[in-house]
2 protein chains.
Amino acid sequence: MVRKKLPSLSPSETEILRLIWQLNQATVQEVCEKLPVSRNITYATVQTLLRRLEKKGYIKHKTKGKAHVFIPTVQQETVIKRSVGDFIQRLFGGDPIPLMQYLAQHGKINTEDIEELKKLVDK
Amino acid sequence: MVRKKLPSLSPSETEILRLIWQLNQATVQEVCEKLPVSRNITYATVQTLLRRLEKKGYIKHKTKGKAHVFIPTVQQETVIKRSVGDFIQRLFGGDPIPLMQYLAQHGKINTEDIEELKKLVDK
DNA sequence: TGACAACTTGTACATTTGTACGATATTATA
DNA sequence: TATAATATCGTACAAATGTACAAGTTGTCA
């Protein structure tokens, strides 16, 4: 239980961290490859972002060959919880319903998806 | 159709803008009152944020007495659309389903809420 | 083993963001 | 009509953010 007061994440850091989770672990190179070309960001920038993520305690790295392989040190769930909470707070004043409604209407969601959700509801 | 390339909103700006929508229109004073005391932010700061929101084109103001009354110039829907989109992009790679799932599980949502959502789905 | 390619490190730097003070203007009030 | 109370305006300023170059380091391959 080391996780405590994690510093906040900037949008770009969040974007990169998500890829690390998705890949389980990754080098700067690999992260760059996962980013859409349209993102138009240099290797050096991704590297800086990873450096900051490590400094903030969200990832660590081991060395493989001459490259660093970055590994998450924080559960995705933890960050999602906080991020979603903050987001709903500032955009909807804390009420998640409006967000769900918005998604139901504009999120390319169908009735089946909704049906699936019912199973998840913690009743 | 003036709305075009609106500058991005910072978290704090978003927070304040939401209150303007909620109140329909408001003075610095009124916005301050709506903010939870725990937010611990001064009048001057709120004023700066409103100033920036106006400069960015999200609100305008009229003068009432000696105070400014700020009024939204952008539809809430417009900002929600963009904000939610960006958010889902960076935290979930663009797929809204995981977010819905997360909310169904941890968003204090009940089965009825879900049932309601079905009516909204654009099928 | 020497040069090249792939990396990391150190640094930089313009903007944006969050926060707020002090001076000035304006309105209500005693 | 002085004054107090309330506002705005101009400014400031440190920290965070986004972006990236240049120099130094280390495997690798001919």
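Sequence lines set the chain letters: A, B, ... in the order given, protein chains first and strands last, and positions in each chain run from 1. Worth saying up front: this structure is predicted, and the values here are computed from it rather than measured.
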J.: Do A:Leu117 and A:Asp113 have side chains that approach each other closer than 4.5 Å (heavy atoms only, starting at C-beta)?
T.: no
J.: Specify the separation, in whole Å, of atom CG of A:Leu50 and atom P of C:dG10.
T.: 16 Å
J.: Between A:Phe87 and B:Phe87, what is the ring plane arrangement, given parallel below 30°, perpendicular above 60°, and tilted in between?
T.: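 Parallel, since the angle between the ring planes stays under 30°.
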J.: Looking at CG of A:Leu99 and OG of B:Ser83, how far apart are the two atoms once the value is rounded to the nearest 0.5 Å?
T.: 11.0 Å
J.: Nearest 0.5 Å, please: how far is CD in A:Gln25 from CD1 in A:Ile20?
T.: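 A:Ile20 CD1 to A:Gln25 CD: 9.0 Å, rounded to 0.5 Å.
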J.: Map A:Leu49 and B:Val69 onto DNA chain D by nearest heavy atom, then report which one ends up closer to the 5' terminus.
T.: B:Val69
J.: Using every non-hydrogen atom in the two residues, find where A:Ile59 and A:Thr73 come nearest and quote the distance to one decimal.
T.: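 Closest approach of A:Ile59 to A:Thr73, heavy atoms only: N-OG1, 3.4 Å.
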J.: Does any part of the side chain of B:Ile88, heavy atoms only, come nearer than 4.5 Å to the side chain of A:Leu103, both counted from C-beta?
T.: yes
J.: Sort and list the pairs that fulfil ring pair (Phe, Tyr, Trp, His ring centres under 6.0 Å) and have at least one residue in residues 100-119 of chain B, not counting sequence neighbours.
T.: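 Qualifying pairs: B:Tyr102-B:His106.
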J.: Could you pull out the closest heavy-atom pair between B:Gly107 and A:Pro96, with the gap in Å?
T.: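 Taking every non-hydrogen atom into account, O-CG, 3.2 Å.
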J.: Look only at the side chain of A:Tyr58 and the backbone of A:Pro7, and say whether a donor-acceptor pair between them is shorter than 3.5 Å.
T.: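 Judged by distance alone, yes, a pair lies under 3.5 Å.
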J.: Inspect the contact between A:Glu54 and A:Arg51 and indicate whether a charged nitrogen and a carboxylate oxygen are less than 4.0 angstrom apart.
T.: no
J.: Just jot down the salt bridge (charged side-chain N to carboxylate O under 4.0 Å, His left out) partners of B:Arg82, sequence neighbours excluded, or say none.
T.: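 Expected list: none.
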J.: Any luck finding a side-chain donor-acceptor pair between B:Thr48 and B:Thr45 under 3.5 Å?
T.: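 Absent: no donor and acceptor within the cut-off.
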J.: Where along residues 13-31 of chain B does a heavy atom fall under 4.0 Å from DNA chain D?
T.: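 The stretch gives B:Val28, B:Gln29 as the residues lying under 4.0 Å from the strand, ordered by number.
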J.: How close or far is atom C1' of D:dA7 from atom CZ of B:Phe70, stated in whole angstroms?
T.: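 So the CZ-C1' distance, B:Phe70 to D:dA7, works out to 10 Å.
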J.: Going by heavy atoms closer than 4.0 Å, what residues in residues 54-67 of chain A are next to DNA chain C?
T.: A:Lys66, A:Ala67
J.: Could you tell me how far apart A:Leu53 (CG) and D:dT17 (P) are, to the nearest whole angstrom?
T.: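 One finds 11 Å between P of D:dT17 and CG of A:Leu53, rounded.
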J.: What are the residues of residues 39-47 of chain B, sorted by number, that bring a heavy atom to within less than 4.0 Å of DNA chain D?
T.: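 The stretch gives B:Tyr43, B:Gln47 as the residues lying under 4.0 Å from the strand, ordered by number.
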J.: Considering only nitrogen or oxygen atoms on both sides, find all protein atoms under 3.5 Å from nucleotides 11-13 of chain D and state each distance.
T.:
residue: D:dT11; atom: O4; partner: B:Arg51; partner atom: NH1; Å: 3.1

J.: Using a strict threshold of under 4.0 Å (side-chain N to carboxylate O), is an ion pair present between B:Glu116 and B:Lys119?
T.: yes
